[in-house]
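Just below is one structure, and these are the notes that go with it.
Atoms within a ligand are numbered from 1 in the order they appear, just like the ligands themselves. Everything numeric here is computed off the predicted structure, so don't read it as measured data.
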Amino acid sequence: MCGIVGAIAERNVSPILLSGLKRLEYRGYDSAGIAVINEHQLFRERSQGKVAALEAKVIASDLKGSLGIAHTRWATHGVPHERNAHPHMSGTIAVVHNGIIENYQELKSKLSVGYSFESETDTEVIAHLIHSMRNDSETLFATVQKAITYLEGAFSIAVIDSNLPGELVAARKGTPLVIGMGLGENFIASDPFALLPVTNQFIYLEDFDCIRLTCTSIEILDKSGHIIERPTKNLYATDDAADKGLYKHYMQKEIFEQPKALSETLQGRLKVNLATLMGCDTHLSSKIEAVQINACGTSYHAGLVAKYWFESIGIACHVEVASEYRYRESVTPQNTLFISISQSGETLDTIEALKLAKQKPFLGYLAITNSPDSAITRESNWTILTHAGREIGVASTKAFTTQLTVLLALVDALSQHSNAAISEALTSLPFYSEAMLAMDETIQKMSKEFSESTSALFVARGILYPIAMEGALKLKEISYIHAESYPAGELKHGPLALVDKNMPVIAVVTENALTDKMIANLEEINARDGCLYIFKERRVQQKIGFGHEIELPDMPEITSPILVSIALQLFSYHVACEKGTDVDQPRNLAKSVTVE
Ligand code: AGP
């Protein structure tokens, strides 16, 4: 998704801005741009494609300045093209913007008398709006404060004016923005990760905050225009995450980091009660009769797996895609805990669903996230962090398995008779995940055989069905191969019509109450000549005898969704490598989806 970096210093900020953009590349984007002010003049370079292309232009034009803003764009309004890339300019003003301006058409028609528009973006109206409101008797800061009251939608913006080479103005509503504090220099970014090479001191802005930065001062005005101080936070994240090490891709590195991520997520969370796990009131545990989970994408799949776990201990569980929940009438059963799951903690649909839920009579609001200072954390009563470490690959891997781990620890804590089987399975999880990673080469061989396919069905039963959904999502995200998932028992109700020798079916068979039924479903596929790729747990006694088969190590049934998902991640990863796609930044996708 779009990324913002801004800097004001007594040195050339172009390298800082470019390095910040590179650190935001993992979020997904299609074009990039930069504008700096040098001796009261505004200079801009923009480029479609990678930041490296922009960097080449910056070097060629020797673009330098001590005040600047930069942006990676993920197209919402207007095709990915240089003319639509930010910064957008109006006279002496340049603007970068994350989010969507919902009333941009209305503003555009008002501004069309006097301004000509060069792009199809919603952002360009912000530049012209601010320019049209600028007058000598008012500061840029005051103008921007006024201008944002005309903007509907979610946005973070950063504004510079070549008449004012000593100040950077920015504002946020609904999408993230932080100030990075330096010595005699200050910065802004949509993600603090962009600024870690220059500072580790950050101020997280709140909705409607409007700020003015100089080299040595920071002014923050809140919604009502009052000067306000926001807390400073130190971020001690190491730079490790930005280094692929010996791995070919971040996704591969992150898959292999899972044993560590799982064990860090489990630290201090085994055999604990709810109060210890969530930091909540000791009485909450006995009050919870149901949970409502809201999330998007992979995080939604984590919720679907958790439904099986919650309901196995008698707690009703409803799971919904956040973008649906927020636009429908829903009933809130009594004594229900609302849970938001989000790796980034910044997914707009999940945040908005949570805000809506806060108007309903839930018992309270729990966030499960990988981002301690995210909006979802701030909106929730309690947070359980997944200690996955930074996930850079757009396709979620370790974030997913750590979400599942937290959810199972939560079920364990809620279980009336402290479930020994859950605790044992969780304790051994990092060990079993190592065993699954040892399957890498075997899985790679199978993925080679599969990689020419243009379509695939993923099938499983019971608690592994959401893992089939996640497997299909992973495959389509990074290999661009069409994939769908079905509960195997559902095939005969329609999808079986698709099955012939040209339809690969990826199936998961583990030892559980449904093993025989699952194998019977595979027989049905085989009888129609379906091309089966079977991931089968070693201890399953029944011989299958058809299709391509991989034997997975034995695993505890309760943690099998977490462990099987690692095998499917490896499968998709190797298929994508075979196809030569952009594994870490797949086309059209963004790491953190901060627009509707
Ligand atoms: C995962 O591979 C995807 N990139 C995507 O589905 C993601 O899980 C979804 O956008 C939700 O993100 P979140 O967990 O940060 O809220």
Side-chain angles (χ1 to χ4, degrees), residues 1-2 25-29 74 175-176 190-191 193 249-252 254-255 258 261 293-306 319-326 339-355 366-377 379-380 383-386 388-407 458 466-467 469-480 483 485 565-566 568-573 576 581-596:
M1 200 95 323
C2 301
E25 281 190 297
Y26 76 96
R27 298 172 71 94
Y29 69 104
W74 186 82
T175 61
S190 49
D191 178 341
F193 184 62
H249 297 101
Y250 286 113
M251 182 184 178
Q252 187 188 27
E254 287 155 7
I255 291 173
Q258 288 177 105
I293 299 180
N294 268 40
C296 303
T298 291
S299 299
Y300 166 67
H301 295 157
L304 290 177
V305 173
V319 190
E320 192 157 350
V321 162
S323 55
E324 287 299 315
Y325 178 82
R326 57 183 287 208
I339 304 177
S340 309
I341 309 175
S342 173
Q343 184 284 130
S344 61
E346 299 291 352
T347 301
L348 190 84
D349 282 322
T350 312
I351 296 169
E352 291 303 322
L354 169 59
K355 286 183 183 163
L366 168 67
I368 295 177
T369 177
N370 200 31
S371 310
D373 295 301
S374 58
I376 280 176
T377 304
E379 288 287 336
S380 304
T383 296
I384 310 180
L385 287 176
T386 54
R390 180 166 285 270
E391 191 178 68
I392 292 189
V394 163
S396 192
T397 53
K398 59 177 181 170
F400 177 59
T401 49
T402 52
Q403 285 169 350
L404 290 174
T405 303
V406 160
L407 285 158
F458 281 70
I467 296 304
M469 297 171 81
E470 174 59 11
L473 176 68
K474 215 90 298 177
L475 186 73
K476 63 187 133 191
E477 265 188 306
I478 59 168
S479 73
Y480 314 150
S485 53
S565 72
I566 296 176
L568 296 186
Q569 290 165 2
L570 287 170
F571 179 74
S572 294
Y573 171 72
T581 55
D582 191 346
V583 172
D584 287 327
Q585 293 161 36
R587 66 185 183 201
N588 306 337
L589 297 182
K591 183 69 187 162
S592 169
V593 184
T594 51
V595 296
E596 269 217 76

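Contact record, Lys355 with Glu379: CE-OE2, 3.5 Å, taken as the closest heavy-atom pair. Between Tyr250 and Asp584, the closest heavy-atom pair is N-OD2, 2.8 Å.
Looking only at protein heavy atoms, the nearest one to atom 9 (C) of ligand 1 is Cys296 O, 3.7 Å. At the shortest separation from atom 13 (P) of ligand 1 among protein heavy atoms lies Thr347 OG1, 3.2 Å. Atom 1 (C) of ligand 1 has Thr298 OG1, 3.0 Å as its closest protein atom, hydrogens excluded (heavy atom only). Nearest protein heavy-atom neighbour of atom 10 (O) of ligand 1: Val593 CG2, 4.0 Å.
Donor-acceptor pairing under 3.5 Å is lacking for the side chains of Gln343 and Ser299. A donor atom on one side chain and an acceptor atom on the other are found under 3.5 Å apart for Ser374 and Thr377.
The shortest N or O to N or O distance between Val394 and ligand 1 is under 3.5 Å. Residue Lys591 has no N or O atom closer than 3.5 Å to an N or O atom of ligand 1.
A side-chain hydrogen bond (donor to acceptor under 3.5 Å, both in side chains) with Ser396 is found for exactly one of Glu391, Glu477, Lys474, namely Glu391.
Using a 4.0 angstrom heavy-atom cutoff, Lys474 counts as in contact with ligand 1.
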